Number of protein chains: 2
Amino acid sequence: MTELREGKAVMTTLGYALLALLAREPLTGYDLAQRMRRSTDFFWTARHSQIYPELTRMEAAGLLTHEVIRQTERPDKKRYTMTEAGYVALRAWLAQPVRPAPERDEMMLKTFCSWLIEPWEAAPIVRAREAEHTARQATYEAMLADLEQHPDVRNRRVSTPAFSSYATLRRGIQYERGYAEWCRWLAETLESADGQDGA
Amino acid sequence: MTELREGKAVMTTLGYALLALLAREPLTGYDLAQRMRRSTDFFWTARHSQIYPELTRMEAAGLLTHEVIRQTERPDKKRYTMTEAGYVALRAWLAQPVRPAPERDEMMLKTFCSWLIEPWEAAPIVRAREAEHTARQATYEAMLADLEQHPDVRNRRVSTPAFSSYATLRRGIQYERGYAEWCRWLAETLESADGQDGA
DNA sequence: GGACGCATGTAATAGGTTACATGATTAC
DNA sequence: GTAATCATGTAACCTATTACATGCGTCC
């Protein structure tokens, strides 16, 4: 049996994020980097500079294998495929409880000291965030509309990749909608309070 | 004029988080560490090992000063107070747009590959998260009830620390409620799907 | 007697970002 | 010509966590 952690190579969350994507289809490091750059539909981000070394480490640990795809018009690429050991590791991780994540939200931090600036100064920043969240909500909703057509989603076949994507998307939409709503409330409060409440 | 960044000491977000707390009242490193350990009511976390050196750096940059409070029964402590330069720096940061934060949510990551395990295996993990978010929602709601008694909040005096705390708390509650709701939906779907949808 | 709270610090390591590096093809 | 996409990698740096370190007083 090939052991997973030889020297001191313990799995990182990034590693599991890569496995999460590779569990669905074989991908190259470049593909993975693209999916992890902007967190649309996916909930973990990383740059290629972090991904390439991680893939190498994971392959050394026996969780992945790769095949080189030679190309003439473009650079050659490595397509990574999960091994059985990879699936075992991912399933083992899934069964473990979720570790509480440290909350770090710059918008909230600014809101916390928004009393230091004038309402008319603060309001536009809040409005900008509102627009961002509303836009992302719209993007997610379009993706959801597509996914809802999928038979696995319609039939609530929960043990399918399509349903899992559907579940995360629902949370994404809820998150963006909620954030946008809160921004709207705060912006309106700041705007209406402006004038009658000086520094 | 005392310059803020002499060598290469640029402000970090942690620095602003510390200023955000110190803008309300002078505090010791220990006090700050306590407020930043668990993100109840506050939205930035850090350990004391990160806080103490940062305070030293910020004082060197002229944003803070400290006075030693001698104690006999307990160790002496340093109480940090913001300087005018500190307020200027914090306000300047506040006026800048919020940088988009990388989304990293382990629960979402697990949901994304929940199709790999049986519904009856996934459901308890989701239920555990639901309980956590519901509990935090309750904590925040109790804090909100208190804050709503505050005259600055009742009169919508937005340029007060009390109102700023109120605004962040509202978002906190909304966040926890939303997350809990989504967990409930997912858990129920997984539980009801169990049996009629095998691997 | 041992754990916990007060109170401050440093050192080692892990995790993540930015920048450096290369090189072909395609689109404006 | 200039930028963008494809494709992979390394190096330097910054941020954050874990662990090490000290020492007194109180509570169980």
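Note that the structure is a prediction, hence the values are computed from the model and not measured. Residue numbers begin at 1 in each chain, while the letters A, B, ... track the order of the sequences.
Note: CD (A/E73) to P (D/dT5) measures 19 Å, nearest angstrom. The separation between B/E54 atom CD and D/dA16 atom C1' is 11 Å, rounded to whole Å. Between the CZ atom of B/R47 and the C1' atom of D/dC20 there is a distance of 15 Å, given to the nearest Å. A straight line from CE of B/M36 to P of D/dT15 spans 14 Å, rounded to a whole angstrom. Spacing between atom CZ of A/R37 and atom P of D/dA4 amounts to 11 Å, rounded to whole angstrom units. Rounded to whole angstrom, the span from the CZ atom of A/R99 across to the C1' atom of D/dT17 amounts to 11 Å. We find that CG of B/L27 is positioned 15 Å from C1' of C/dC6, with the value rounded to whole Å. One atom, CD of B/E59, and another, C1' of C/dT8, lie 14 Å apart when rounded to the nearest Å.
With respect to the salt-bridge test (charged N to carboxylate O, under 4.0 angstrom), the residues B/E132 and B/R129 qualify.
Residues satisfying the side-chain hydrogen bond (donor to acceptor under 3.5 Å, both in side chains) test with B/R171, not counting sequence neighbours, are B/Q174. Scanning for side-chain hydrogen bond (donor to acceptor under 3.5 Å, both in side chains) contacts around A/R127 gives A/E130, A/E191, with sequence neighbours left out. Take B/H150 and apply the ring-ring contact (aromatic ring centres under 6.0 Å, His included) test, not counting sequence neighbours, and it matches no residue. Residues meeting the side-chain hydrogen bond (donor to acceptor under 3.5 Å, both in side chains) test with B/T56, sequence neighbours left out: none. When the side-chain hydrogen bond (donor to acceptor under 3.5 Å, both in side chains) test is applied to A/T12, the partners found at least two apart in sequence or on another chain are A/E54.
Between B/R104 and C/dT17 there is a side-chain N or O to OP1 or OP2 distance below 4.0 Å.
Residues B/L14 and B/T72 each lie close to DNA chain D; by heavy-atom proximity, the contact nearer the 5' end of the strand is made by B/L14.
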| Nucleotide by nucleotide, 5' to 3', does protein get under 4.0 Å of the base (B), only the sugar-phosphate (S), or neither (-) in nucleotides 6-12 of chain D, counting heavy atoms? | BBBBBB-
